[in-house]
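This report refers to the structure that appears directly beneath it.
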Amino acid sequence: MTPIIALTADQARARLHELTVVDVRTPGEYASGHLPGAHNIPLDHLDAALPSLRAAVERGELLVVCASGARSATACERLAEQGINAATLTGGTAAWTQLGHDTHHPVGSRSPWAMERQVRLAAGSLVLTGLLAGRRWGAARVLSAGVAGGLVFSAVTNTCGMARILARLPYNRPDASDLDATLAALKG
């Protein structure tokens with residue numbers, strides 16, 4: 001397999017006019033601010049977008065973006081397995097905004113919390129619930145232990161099962177019409 005190409009935020013900004021940018025974050029994360037001209041295709045919809053992405057790569061290079069660079073690297077690996085070469089943005093939108101580069105926000109869009117914040121809220125709530133309930137029913141502490149184990153596993157493997165579950169909630173899902181429009185735009 002070919003190695004993943006990585007662009008820094010400054011390199012991507014200099015070439016933004018010649019790249020097709022695909023943001024693989026959830027629609028809520030995308031609405032909170034994305035690279036100018038970015039198309040939103042959540043990571044769990046990547047397989048359905050393959051024909052559109054093949055068409056887009058025929059017109060130029062793809063840059064895949066997420067919050068930190070982890071999901072975009074995963075997306076680039078999956079695309080490479082399908083014969084589609086794409087670059088990832090090192091450090092993701094966090095690095096982009098840290099350097100003061102512009103981000104765009106869809107007009108009139110809802111903006112739920114970023115996925116990392118949603119995970120922290122869910123994990124913290126579950127741990128606290130387990131500890132409080134454990135004062136009365138000792139077995140309830142297993143909930144806290146399970147979440148703690150999941151967080152350790154998440155850090156070691158650089159994956160996040162809780163984020164995958166939260167991404168399936170309605171406010172983190174793209175509207176079918178939005179995704180269809182994005183795919184049509186990529187086909188050109």
Side-chain angles (χ1 to χ4, degrees), residues 1-118 158 160 163 167 171-188:
M1 182 168 26
T2 59
I4 294 175
I5 301 164
L7 298 178
T8 65
D10 286 332
Q11 291 171 326
R13 184 172 181 246
R15 298 187 51 209
L16 199 56
H17 64 282
E18 63 188 52
L19 298 168
T20 299
V21 181
V22 175
D23 192 320
V24 295
R25 297 177 299 159
T26 67
E29 291 173 294
Y30 175 81
S32 69
H34 56 270
L35 274 65
H39 301 277
N40 184 223
I41 301 175
L43 186 59
D44 60 343
H45 287 80
L46 196 63
D47 292 336
L50 289 174
S52 298
L53 293 171
R54 277 195 183 88
V57 81
E58 288 177 11
R59 293 187 307 276
E61 294 180 62
L62 289 179
L63 174 65
V64 183
V65 179
C66 69
S68 67
R71 285 179 280 178
S72 60
T74 299
C76 286
E77 290 171 2
R78 286 174 50 190
L79 291 172
E81 290 169 0
Q82 299 297 319
I84 300 172
N85 292 325
T88 184
L89 179 63
T90 303
T93 55
W96 181 269
T97 56
Q98 187 175 31
L99 292 174
H101 300 320
D102 288 338
T103 58
H104 290 191
H105 304 270
V107 176
S109 66
R110 65 191 197 286
S111 186
W113 289 352
M115 186 56 65
E116 180 183 340
R117 187 174 180 191
Q118 292 180 45
N158 198 28
C160 187
Y171 56 83
N172 284 325
R173 310 282 304 159
D175 293 331
S177 60
D178 292 344
L179 186 58
D180 290 342
T182 298
L183 299 179
L186 286 172
K187 282 186 180 178

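With contacts defined as side-chain heavy-atom distances shorter than 4.5 Å, the pair Ile5/Asn85 does not qualify. No side-chain heavy atom of Leu79 sits under 4.5 Å from any side-chain heavy atom of Val57. The closest side-chain heavy-atom distance from Leu50 to Ile84 is below 4.5 Å. In this structure the side chain of Leu46 reaches within 4.5 angstrom of the side chain of Leu53, judged on heavy atoms. Residues Arg78 and Leu43 have side chains in contact (heavy-atom distance under 4.5 Å, counting atoms from C-beta outward). A 4.5 Å side-chain heavy-atom check between Ile4 and Glu77 finds at least one atom pair inside the cut-off. The closest side-chain heavy-atom distance from Leu63 to Leu7 is below 4.5 Å.
Atom CD in Gln118 sits 11.0 Å away from atom CD in Glu116 (nearest 0.5 Å). Note: Asn40 CG to Asp178 CG = 8.5 Å, rounded to the nearest 0.5 Å.
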- Task: Before giving the answer on side-chain contact (heavy atoms from CB on, under 4.5 Å), spell out for Thr103 and Thr97 the whole-Å C-alpha distance, their side-chain angles and the decisive distance to 0.1 Å.
- Result: CA-CA 7 Å; Thr103 58; Thr97 56; 3.4 Å; yes

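Looking at residues two or more places apart in sequence or on another chain, you find a ring-ring contact (aromatic ring centres under 6.0 Å, His included) between His101 and Trp96. By the side chain to side chain donor-acceptor pair (under 3.5 Å) test, Thr8 is found to be paired with Gln11, residues two or more places apart in sequence or in another chain being considered. Checked against salt bridge (charged side-chain N to carboxylate O under 4.0 Å, His left out), Arg13 has no partners two or more places apart in sequence or in another chain.
A side-chain donor-acceptor contact under 3.5 Å links Arg59 to the backbone of Leu186. A donor-acceptor contact shorter than 3.5 Å links the side chain of Arg54 to the backbone of Gln82. No donor-acceptor distance shorter than 3.5 angstrom exists from the side chain of His39 to the backbone of Val22, with no hydrogens or angles considered. For Tyr30 (side chain) and Pro42 (main-chain N/O), no donor-acceptor pair under 3.5 Å exists by modelled atom type. Within the 3.5 Å criterion, the main-chain N or O of Ile41 finds no donor-acceptor partner in the side chain of His45.
Within 6.0 Å of the CD atom in Gln98, the count of heavy atoms belonging to other residues, nucleotides or ligands does not exceed 12.
Across Ser32 and Arg25, no two heavy atoms sit closer than the pair OG-NH1, 4.2 Å. Nearest heavy-atom pair, Ala167 versus Thr26, reported as atom, atom and distance to 0.1 Å: CB-CG2, 4.0 Å. When all heavy atoms of Ala49 and Leu183 are compared, the pair lying nearest together is CB-CD2, 3.4 Å. The shortest non-hydrogen separation linking Thr88 to Gly69 is OG1-O, 3.9 Å. Scanning both residues, Ala12 and Leu19, for their nearest heavy atoms gives O-CD1, 4.2 Å. Closest heavy-atom contact between Thr90 and Ala95: O-CB, 3.6 Å.
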